[in-house]
Amino acid sequence: MQETYDPAAVERDAQKYWGAHASFRSVEDPKKRKFYCLSMFPYPSGKLHMGHVRNYTIGDVLTRYYRMRGYNVLQPMGWDAFGLPAENAAMANKVPPAKWTRDNIAYMKKQLQGLGFALDWQRELATCDASYYKWNQWLFTRLFKKGLAYKKTGVVNWDPVDQTVLANEQVIEGRGWRTGAVVEKREIPMYFFRITAYAEDLLKALDDLPGWPEQVKLMQKNWIGKSEGVRIGFEYFLENKKQTLWVFTTRADTLMGATFMAVAAEHPIAAFASQKNPELKAFVEECKKGAVMEADLAQIEKQGMPTGIFATHPLTGEKLPVWVGNYVLMGYGEGAVMGVPAHDERDYAFALKYKLSIKPVIRHPAGDRVDPPWRSEYAEYGVCINSGPYNGLSFGEAVNAIARDLKQKDLGEKQIQWRLRDWGISRQRYWGCPVPIIHCPSCGDVPVPDDQLPVRLPEHLVPDGTGNPLNKLPAFYETTCPSCGEPAKRETDTMDTFVDSSWYFARFTCPDQDRQMVDERAMYWMAVDQYIGGIEHAILHLLYSRFFTRAMRDEGLLPGLAEPFTNLLTQGMVLAESYYTDASGRREWVNPADVSIEKDSKGKILSAKRNSDGAPVVYDGIGTMSKSKNNGVDPQALIDQYGADTARFYTMFASPPTNTLEWSDESVEGSYRFLKKVWDFAYRFSRAKCDAAADRKIRYQIHLELKKANDDVERQKFNTVASACMKILNAIDQLPEWNATSKEGLSILLRLLSPIAPHVTHALWRELGFGEDVLRAPWPEPDAAALEQDEVELVVQVNGKLRGSIKVPKAADKEAIQRLALSNDNVQKFVAGQAIKKFVLVPGRLINLVV
RNA sequence: GCCCGGGUGGCGAAACUGGUAGACGCAAGGGACUUAAAAUCCCUAGGCCGCAAGGCCGUGCAGGUUCAAGUCCUGCCCCGGGCACCA
């Protein structure tokens with residue numbers, strides 16, 4: 001064998017072997033246990049970033065492990081190929097998004113292959129291929145016919161200068177990214193998926209997902225947001241016509257404390273009242289300025305203005321002023337709230353600001369009064385006071401009594417409210433899947449019939465930033481009505497790219513199927529046994545996928561399947577340091593790859609400079625890799641310099657998968673050094689004789705590490721598996737002579753390491769004659785006999801402080817152990833004649849003497 | 001603002017169910033080999049005190065529960081993710 005480790009040659013040969021043996025092709029085999037392992041498919045942005053390398057290495061480690069465990073494994077790869085960045089690149093480079101996207105796919109595919117991922121490339125798919133998005137369209141028409149897809153108005157960000165809809169990302173501090181114009185909210189017709197029809201099921205089923213992180217389930221639960229409360233009607237008159245203003249509240253027990261009403265700027269009352277009130281009209285207009293993002297809305301200063309309209313309290317008959325409030329959301333509930341300043345923090349601030357009355361109606365832990373400043377106790381549950389017939393009732397009793405009385409008057413009843421809203425899927429953009437609807441003047445919205453699917457997206461257009469270019473292409477939108485044959489207009493909106501990614505996992509099971517969305521192969525492979533992706537997808541993508549799986553099930557496509565992902569691993573983000581120069585008075589971000597750092601003997605950064613010109617740079621701390629801070633680390637440079645195995649080993653070793661990972665060049669060096677050590681050891685082994693008998697002590701260490709490592713693989717803590725590999729090498733390297741333990745240890749090491757660093761272990765396994773293919777070797781198991789020990793070491797504490805350690809025979813009883821512990825000199829010093837009040841023995845671990 | 005996480009040496013981290021805090025590695029310092037460098041190997045290493053044996057302190061901050069707390073409880077501070085049109 002070669003004396004020195006040559007990653008490039010080793011990796012080329014291993015990849016050639018896997019290719020020639022079709023090692024990763026997956027075929028359905030009902031006799032074998034299947035393992036479907038899936039990493040979230042990438043957006044083809046140009047080149048892989050470290051997050052991809054990390055994500056796909058985690059998945060690859062798992063698939064290789066399960067292969068060695070004898071499972072029939074599927075690990076596919078594809079491309080989330082529609083989306084906004086392609087349009088931005090198209091505008092910048094005057095190249096159609098299709099070409100830009102497909103070039104990126106070709107390059108990134110090469111990169112993935114170079115990393116040696118065990119992927120079945122025969123199943124590759126891209127969401128921008130008509131053979132894929134045809135089935136988006138097909139399912140849309142099915143849901144449309146069932147009423148699970150429908151049209152209503154939705155609010156969007158509108159750039160008044162470019163006359164175009166902006167994505168939230170394109171709104172910077174309330175202004176359009178290209179024009180700088182103040183963004184406005186605008187209501188336009190859109191298509192929605194009725195995800196709320198599945199709200200109850202999506203919520204309940206979270207309890208049956210033991211393989212999901214609690215954190216993600218909790219986030220989804222809160223997002224769906226089931227709350228039980230009461231719908232209450234407040235009557236008012238509009239031009240002498242009696243109307244009812246409905247609100248929803250979870251605190252009906254505080255109804256007697258309501259002193260005002262607040263409605264959203266978009267509420268019909270606000271529109272009506274502003275007709276005769278120019279000041280109010282201006283306020284309502286002002287509320288409509290700005291973007292639609294909830295994070296922004298929640299942080300603006302609470303403001304309001306009275307409408308001059310009064311609504312009648314349904315129980316007391318009191319007249320309550322109706323205000324317009326910029327903090328009331330039209331999209332949640334009824335777009336109106338009752339104001340109970342005494343027991344709601346927002347209402348309290350609003351009432352103080354506008355001098356509205358505050359009426360305490362609940363006794364809280366600090367008393368009956370609600371003097372300023374606001375205290376959180378004011379919002380706690382308690383018994384009713386100042387509430388007439390409800391005085392003395394507890395929260396539950398009061399809600400029941402008030403709901404009953406309201407029902408008698410036909411002005412309210414108990415209701416369940418969801419925070420979850422229906423999913424608006426229309427995008428006024430070009431590079432996406434066309435919504436398959438034809439607008440006919442006489443027949444209305446007609447879904448495109450099956451035999452006319454797919455509605456193909458023309459691929460030659462280049463957007464210019466002023467709206468969807470499909471609107472300027474009569475050849476696309478001029479058509480005839482499928483139902484009456486008269487001239488009609490094709491819908492030019494495309495679908496949210498989340499639609500594409502909500503079912504690709506099912507399509508991977510049968511990507512060549514051209515007669516249906518999925519076939520029976522889906523029921524062999526689904527559900528995905530292990531799904532891996534960034535924590536940033538904890539809600540939207542994962543919730544939409546759960547919804548789609550149910551919608552497809554109810555369409556008969558995935559019989560009996562509700563949950564797409566049995567086990568979920570959410571990986572942390574990859575972070576990097578950032579640096580800037582401000583010589584010109586303006587920050588110029590310098591890529592960390594172009595920075596040299598000088599550190600003191602403690603490792604603190606003394607100074608940093610740019611390599612290219614020696615200019616001093618300022619360290620700006622660590623954060624997510626981003627374009628704006630120019631701190632992205634290109635994994636390709638790392639792969640070119642050290643090889644794929646080092647890149648893979650480093651990403652696994654540096655931190656556990658769920659943690660954030662901070663990029664460090666130096667640690668990469670250490671990973672390379674370890675692989676080189678493995679090679680060197682193997683080379684020396686290949687020239688030695690290992691006839692000597694096994695070493696008991698080292699065998700114990702190896703098998704103990706293996707036992708822990710096997711637990712850690714199951715717990716998906718690959719960083720400690722990597723360190724176990726290092727410990728095993730250190731152990732066998734310590735052996736004074738080559739013996740049976742050298743050989744056994746190396747055989748265990750190579751198999752344990754093979755999922756993480758598959759190329760080098762593939763080469764060594766063959767070179768050293770362990771077998772034909774390490775991937776087909778059995779996974780190593782610890783030998784119980786090697787783990788047997790006659791003596792155990794116990795730590796001795798006195799009053800909980802460590803004072804020494806003793807060796808005791810395995811079978812020693814409590815008294816014997818106590819005697820041995822007290823015979824220790826240092827322990828004696830601290831016990832020193834005092835009475836032993838308590839003797840705590842944790843078998844195999846420690847003793848605590850309490851004196 | 002709301003929801004969900006996280007905070008352990010100079011750095012990444014380990015400590016599985018409350019039981020030896022800092023395994024493994026990086027960076028650093030010292031040494032060996034070398035004409036020299038690279039590579040490799042050996043040694044040191046949480047802080048403070050001490051020649052040493054050993055002692056005291058130490059897991060974001062302030063309290064609490066316990067024989068025993070990085071781990072459990074209460075309050076606070078800081079950082080990250082998500083908030084429905086980035087993917």
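Proteins come first, then strands; the chains are lettered A, B, ... in the order of their sequence lines, and each starts at number 1.
The separation of B:rA21 from B:rC2, taken at their P atoms, amounts to 39 Å, rounded to a whole angstrom. Between B:rU34 and B:rA38, the two C1' atoms lie 10 Å apart (nearest whole Å). Nucleotides B:rC72 and B:rU17 place their P atoms 10 Å apart, quoted to the nearest Å. When the P atom is used for both B:rA23 and B:rC76, the distance is 35 Å, rounded to whole Å. Taking atom P in both B:rA28 and B:rC79, the straight-line distance is 30 Å, to the nearest Å. If you take atom P in B:rC51 and the same atom in B:rC41, they sit 35 Å apart, rounded to whole Å. Taking atom P in both B:rA69 and B:rG58, one finds a spacing of 11 Å when rounded to whole Å.
With 3.5 Å as the limit, one finds a donor-acceptor pair spanning the side chains of A:Asn136 and A:Asp500. Using modelled atom types and a 3.5 Å distance limit, the side chains of A:Asp80 and A:Ser501 yield no donor-acceptor pair.
For A:Ser667, whose side chain is taken as the heavy atoms from C-beta onward, the closest listed nucleotide among B:rC26, B:rC85, B:rA23 is B:rC26. If you check B:rG81, B:rG55, B:rU20 against the side chain of A:Asn826, the one that comes closest is B:rG55. When distances are taken from the side chain of A:Lys676 to each of B:rA39, B:rC3, B:rA14, the shortest belongs to B:rA39. Among B:rA84, B:rA15, B:rG19, the nucleotide with an atom closest to any side-chain atom of A:Glu294 is B:rA84. Relative to the side chain of A:Trp223, the nucleotides B:rA84, B:rA13, B:rC4 differ in distance, and B:rA84 lies closest.
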> What is the per-nucleotide protein-contact pattern of nucleotides 56-75 of chain B, from the 5' end, where B denotes a base atom under 4.0 Å from a protein heavy atom, S denotes such proximity for sugar-phosphate atoms only, and - denotes neither?
Replying inline: SS---------BS-------
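Between A:Arg803 and the options A:Val827, A:Asn824, A:Val795, a side-chain contact (heavy atoms from CB on, under 4.5 Å) holds for only A:Val827.
Using a 4.0 Å cut-off, no side-chain N or O of A:Asn730 falls inside it from OP1 or OP2 of B:rA23. Proximity of A:Thr497 to the phosphate of B:rA87: a side-chain N or O atom is located under 4.0 Å from OP1 or OP2.
Summary of the strand contacts: A:Leu802 and A:Lys708 both lie near RNA chain B, and taking for each the nucleotide with the nearest heavy atom, the more 5' one is attributed to A:Lys708.
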